[in-house]
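What follows is one structure encoded as structure tokens, with my remarks underneath.
Throughout, protein chains are lettered first and strands after them, A, B, ... in sequence-line order, and every chain is numbered starting at 1.
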Number of protein chains: 2
Amino acid sequence: MAQNTIPTSQKKSMTEPPLKVGELASRTGLSVRALHHYDEIGVLKPSLRTQSGHRLYNQSDVERLQQVQSLRLMGIPLEEVRQLLDGAGMSPPEVIALHIAKLHEHIALQNRLAERLQGLAMHLDTVETASIDDLCQIIQVTTAMEKYFTAEQLEVLRDRRSSITEEHMHEVRDSWNEIIPKVRNAMAANVDPASPEIQAIAKRWKALVEEFTGGDRKIAQAVMTMYQNEGPRLQEQLGEVPTPEMFVYMGKAFAAPK
Amino acid sequence: MAQNTIPTSQKKSMTEPPLKVGELASRTGLSVRALHHYDEIGVLKPSLRTQSGHRLYNQSDVERLQQVQSLRLMGIPLEEVRQLLDGAGMSPPEVIALHIAKLHEHIALQNRLAERLQGLAMHLDTVETASIDDLCQIIQVTTAMEKYFTAEQLEVLRDRRSSITEEHMHEVRDSWNEIIPKVRNAMAANVDPASPEIQAIAKRWKALVEEFTGGDRKIAQAVMTMYQNEGPRLQEQLGEVPTPEMFVYMGKAFAAPK
DNA sequence: CTAAACCCTCACGTAACGTGAGGTGCAATA
DNA sequence: TATTGCACCTCACGTTACGTGAGGGTTTAG
């Protein structure tokens, strides 16, 4: 074979002059400040300085910087970049694997947050209220619900909610606010659950519950658990809420012979 | 209707005593330091202090804190929380909408990063190298490729790569490293592309290209564009790489009559 | 030889607190 | 009553990866 000609531009052997920081910055797309920073924290210390203190980056510095940029592109923090390039800390595959895990965790969190925000935006569309109080109320109630219902149940409830009018929602609220005090008073007065007036109330109660749960036993159970645990907090937001004792009392009313 | 009985525990009218910071912290699950911070930045300034300077939070402070917590749960930064609760800045729906947009943007970025990391992890599995140099090389080549190939093309290439052995990949690299200098020398010596020795080389060249592109014209085109723009950078990582002039020369060789 | 361009070293700001350090207030106990 | 111990106070630095000046030397082109 013949003698090797020059590949493209220069050979490695013809030592290129060291770069000043501004030059290196514009070649790599980094800022001068970033290079100063890398110097400070030990990620990339230029191997030369001029007598007056100007940084000079030679070929191996430039190569190291390319590696730094590669690793940063993968989202690896500077401190770990430094450890990797210095051969300390963990092995590359370990670092990558751990970062994938962390990233997935982070993404999962963000996705859950995005779902919550989407749901919230839907509510805001239907309710068309601009008050922060209302906004926070919706947030509190929905976050409380997320603790007691599964994702599928929540979806069912969202669908049902979006299919009814805002006016009807107010009617439902008003109904509860009318019925619950009556029940409380009846309980305080030891009224027989089988009595006609309680039976009338029980009928309305059952209808309201049916409408909300859609007849789903699991949802009804979750609602009761939620009111049991979050009663006071929900009361602040919603107005009148049923207590576990009321559920028991109403249970007797439902079981009473007609 | 009869007189209202007491709902659950207390009535709002019986003013509850203001809370000290530690008490409020333990009730809300926040840290004392966080409450200090909220005070500092004006998100929640307690409306009372004792003579000695101890913070006292009254009922309305507590309610405001609940709102703060709700908004923070939705990922809204403290400064915007403050503006919302103080009625300054944007309206709640605007804030929510903007945050949804920001969040989706962020999630998209994270997802792209996750994909890159997954691909990288795959490479690391097949190549089983633990050196940072190799790691960075893979990163650089794959990120360069992402600029020139579409997502589908990249997937095709990934599949093809994972279906061959590491040994074969080395063979391919070696073939290029043997052929390219020969072509360069032939070009420098003005050898006729139709000459037998160049025709022999052209045959091997074509086979190598075919294997990589799978016969896909688009991929072949993207490869040439990539080498044209990223030539020097890739050369540092891969060794010998073809130049546009070589593609022209080889084109003549392919077109030459046999 | 001078002015522009480039370089240097501080040093503060970012988001949302964690983590002391060093000192005061307050209720209960010895 | 004196002392203990706990809760509270105000600084103030650390975290991430730089951005953005301030104030002052150096190099280079005209």
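- When all heavy atoms are compared, the tightest approach of B:S70 to A:C136 is OG-O, 3.9 Å.
- Distance, B:E79 CD to C:dA16 P: 9 Å, rounded to whole Å.
- When rounded to the nearest whole Å, the span between CG of A:D39 and P of C:dC7 equals 14 Å.
- Atom NE2 of A:H37 is separated from atom C1' of C:dC8 by 18 Å (rounded to the nearest Å).
- Whole-Å rounding puts the A:H36 NE2 to C:dC6 C1' distance at 10 Å.
- Phosphate proximity of C:dC17 to B:R72: present, with a side-chain N or O under 4.0 Å from OP1 or OP2.
- When each of A:Q221, A:Q153, A:E230 is paired with A:Y148, the side chain to side chain donor-acceptor pair (under 3.5 Å) condition holds for A:E230 and for no other.
- Residue B:Y38 places at least one side-chain N or O closer than 4.0 Å to OP1 or OP2 of C:dC17.
- The footprint of chain B on DNA chain D, defined by a heavy-atom cutoff below 4.0 Å, extends from D:dC8 to D:dA12.
- Residues A:R82 and A:I41 share a closest heavy-atom pair of CD-O, 3.2 Å.
- Contact annotation: A:R49 side-chain N/O to C:dT9 OP1/OP2 distance is under 4.0 Å.
- Remark: B:F149 CZ to B:L157 CG distance equals 5.5 Å, nearest 0.5 Å.
- The interatomic distance linking B:R55 (CZ) with C:dG25 (C1') rounds to 14 Å, in whole Å.
- In this entry the distance linking CD of B:Q51 with C1' of C:dG25 reads 12 Å, nearest Å.
- Contacts of B:T50 with the nucleic acid, taken as non-hydrogen atoms under 4.0 Å apart, are absent.
- Straight-line distance from the NE2 atom of B:H54 to the P atom of C:dC26: 6 Å, rounded to whole Å.
- For the pair A:L35 CG and C:dC6 C1', the computed distance is 14 Å after rounding to whole Å.
- Note on B:R33 versus B:E40: salt bridge recorded, some NZ/NE/NH1/NH2 to OD/OE distance being below 4.0 Å.
- The shortest non-hydrogen separation linking B:R64 to B:G42 is NH2-O, 3.9 Å.
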